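Structure first, then comments.
In this text the structure is predicted, and so the values were computed from the model without any measurement.
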Amino acid sequence: ENSLMLLQESLESGAALAQFDQLYRKKPGMTMNAARLDANIAKNRYRDISPYDQTRVILKGLTDYINANYVNMEIPGSGIVNRYIAAQGPLPATCTDFWQMVWEQHTSLLVMLTMKNERGRVKCHQYWPDMYETLDYGALQITCVKEDESTSFAFREFNLTNIETREERHISHMQYIAWPDHGVPDDPGDFLDFVIKVRERRQGMVEPTVVHCSAGIGRTGVLITMETAMCLVEANQPVYPLSIVRQMRDQRAMLIQTASQYKFVCEAILKVYHGCFGTLNFENEQCFEQMNNGLTTKC
Ligand code: PTR
Ligand code: PTR
């Protein structure tokens, strides 16, 4: 496929990374005033990472602020729009806000791309209860009913009960635990496996998936880019990673933090493609079927 051939060439020549470095990190014209209000300053994990006002998630009630943005990724030609909320890792003081957001947005999948601690620093507060335990966050009561851990992933299931309405919901939590901030995943194979599992879980879901890391920009951006690229390949659409990044940054600033993260995701996109086909030839009908069946199993 032509766009992937171009991608390979521009990675080899270094042009891809130069273009990435030149792309705006914040979309001109977007504002970030809510983040700077006195009442909200302490709700930001990092002083330099704020949500756009225009796309921020607004909580119901008087204090409506959380450091999170809607990020909608359209897959042309397929009628699909993948809906995400990109968020910072909750702080002790924002866990209740976080769960309120999950409830109000009808989210049933949480994707976490950070560990709680990295290199001796706290990166994200543990905003969920341990296995078999229950914690109250405002009007929500959360119980962890399942937890499976491997070396790279931790998958959990939570029951949420709204104490006021007695309504009960079920939430999946998928954590990738082998990926330090500012870096790239330790193992691209494990990372692709993880993204494929996220995609399987997301099948048919219309409510936004909440994706967070520590700041909610670097690793979150890599994951959304990867999933978007996989959907584009499946929909037989060209894949231009830079325009994916632009589309993301139009909705939350700074998504994908470093050139090495960008390079990593571009290489992973090519790897998925080559893994399915062996060659860069997209014309062939059979290739397509193979990919549509294969992407979620073999690659
Ligand atoms: N030990 C690391 C950390 O605490 O950050 C990695 C890790 C993170 C391991 C989360 C397990 C984790 O999940 P839990 O402790 O909640 O099962
Ligand atoms: N000021 C912080 C820093 O540069 O370290 C903000 C920051 C932290 C930015 C983590 C990105 C980070 O990575 P991620 O978005 O993947 O958690």
Side-chain angles (χ1 to χ4, degrees), residues 1 3-4 7 71-75 78 80-86 107-115 146-157 171-179 183-213 218-239 241 244-245 248 255-256 261-278 280 282 286-299:
E1 213 271 295
S3 68
L4 290 160
L7 175 60
V71 176
N72 296 332
M73 300 302 288
E74 213 177 305
I75 311 299
S78 70
I80 296 170
V81 179
N82 288 326
R83 295 183 195 282
Y84 306 90
I85 289 171
T107 291
S108 60
L109 175 61
L110 292 174
V111 178
M112 171 170 180
L113 302 166
T114 182
M115 293 179 281
K146 192 162 185 250
E147 182 166 54
D148 291 320
E149 260 187 63
S150 69
T151 48
S152 307
F153 319 142
F155 293 156
R156 304 180 182 87
E157 300 286 334
I171 300 235
S172 302
H173 190 237
M174 304 176 81
Q175 181 185 8
Y176 193 79
I177 50 183
W179 188 357
V184 300
D186 291 345
D187 182 333
D190 278 357
F191 171 68
L192 287 175
D193 241 24
F194 181 80
V195 181
I196 286 161
K197 289 191 164 70
V198 168
R199 294 208 54 207
E200 282 170 0
R201 183 62 188 75
R202 267 168 58 79
Q203 283 292 319
M205 211 179 263
V206 290
E207 277 77 30
T209 297
V210 170
V211 186
H212 77 83
C213 38
R219 293 165 286 185
T220 294
V222 171
L223 181 104
I224 296 174
T225 301
M226 191 67 224
E227 197 186 2
T228 304
M230 283 181 173
C231 290
L232 288 168
V233 169
E234 285 184 350
N236 188 26
Q237 295 293 316
V239 183
I244 297 176
V245 178
M248 289 194 306
L255 284 159
I256 299 197
Q261 288 176 339
Y262 183 67
K263 181 160 180 256
F264 171 84
V265 76
C266 289
E267 285 170 354
I269 292 166
L270 289 173
K271 197 178 156 82
V272 163
Y273 189 80
H274 284 295
C276 288
F277 300 106
L280 283 176
F282 228 43
Q286 225 179 337
C287 269
F288 250 101
E289 265 170 45
Q290 201 184 329
M291 180 177 60
N292 281 324
N293 306 325
L295 247 189
T296 47
T297 52
K298 283 196 291 286
C299 305

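With sequence neighbours excluded, the residues satisfying salt bridge (charged side-chain N to carboxylate O under 4.0 Å, His left out) with Glu267 are Lys263. Listed by chain and number, the residues in a side chain to side chain donor-acceptor pair (under 3.5 Å) with Ser152 are Asp190 (sequence neighbours excluded). Taking Thr228 as the reference, nothing meets the side chain to side chain donor-acceptor pair (under 3.5 Å) condition, with sequence neighbours excluded. Remark: Phe155 engages Phe153 in a ring pair (Phe, Tyr, Trp, His ring centres under 6.0 Å) (not counting sequence neighbours). Taking Tyr84 as the reference, Glu227 meet the side chain to side chain donor-acceptor pair (under 3.5 Å) condition, with sequence neighbours excluded. Remark: Arg83 engages no residue in a salt bridge (charged side-chain N to carboxylate O under 4.0 Å, His left out) (not counting sequence neighbours).
The distance from the OG1 atom of Thr114 to the CD atom of Gln175 is 7.5 Å, given to the nearest 0.5 Å. In this structure, CE on Met112 lies 9.5 Å from CE on Met115, to the nearest 0.5 angstrom. Separating the CE atom in Met230 from the CD1 atom in Ile269 is a distance of 9.0 Å, to the nearest 0.5 Å.
Residues Tyr176 and Asp187 come closest through the heavy atom pair OH-O, 3.6 Å. The two residues Leu7 and Cys266 come nearest to each other via the heavy atoms CD1-SG, 3.8 Å. A pairwise comparison of heavy atoms in Leu270 and Leu4 identifies CD2-O, 3.6 Å as the closest pair.
Checked against Ser172 for a side-chain hydrogen bond (donor to acceptor under 3.5 Å, both in side chains), the options Lys146, Arg156, Arg201 give a single hit: Arg201. Screening Ile75, Val71, Ile224, Asn72 against Asn82 for a side chain to side chain contact (heavy atoms under 4.5 Å, CB included) leaves a single residue, Ile75.
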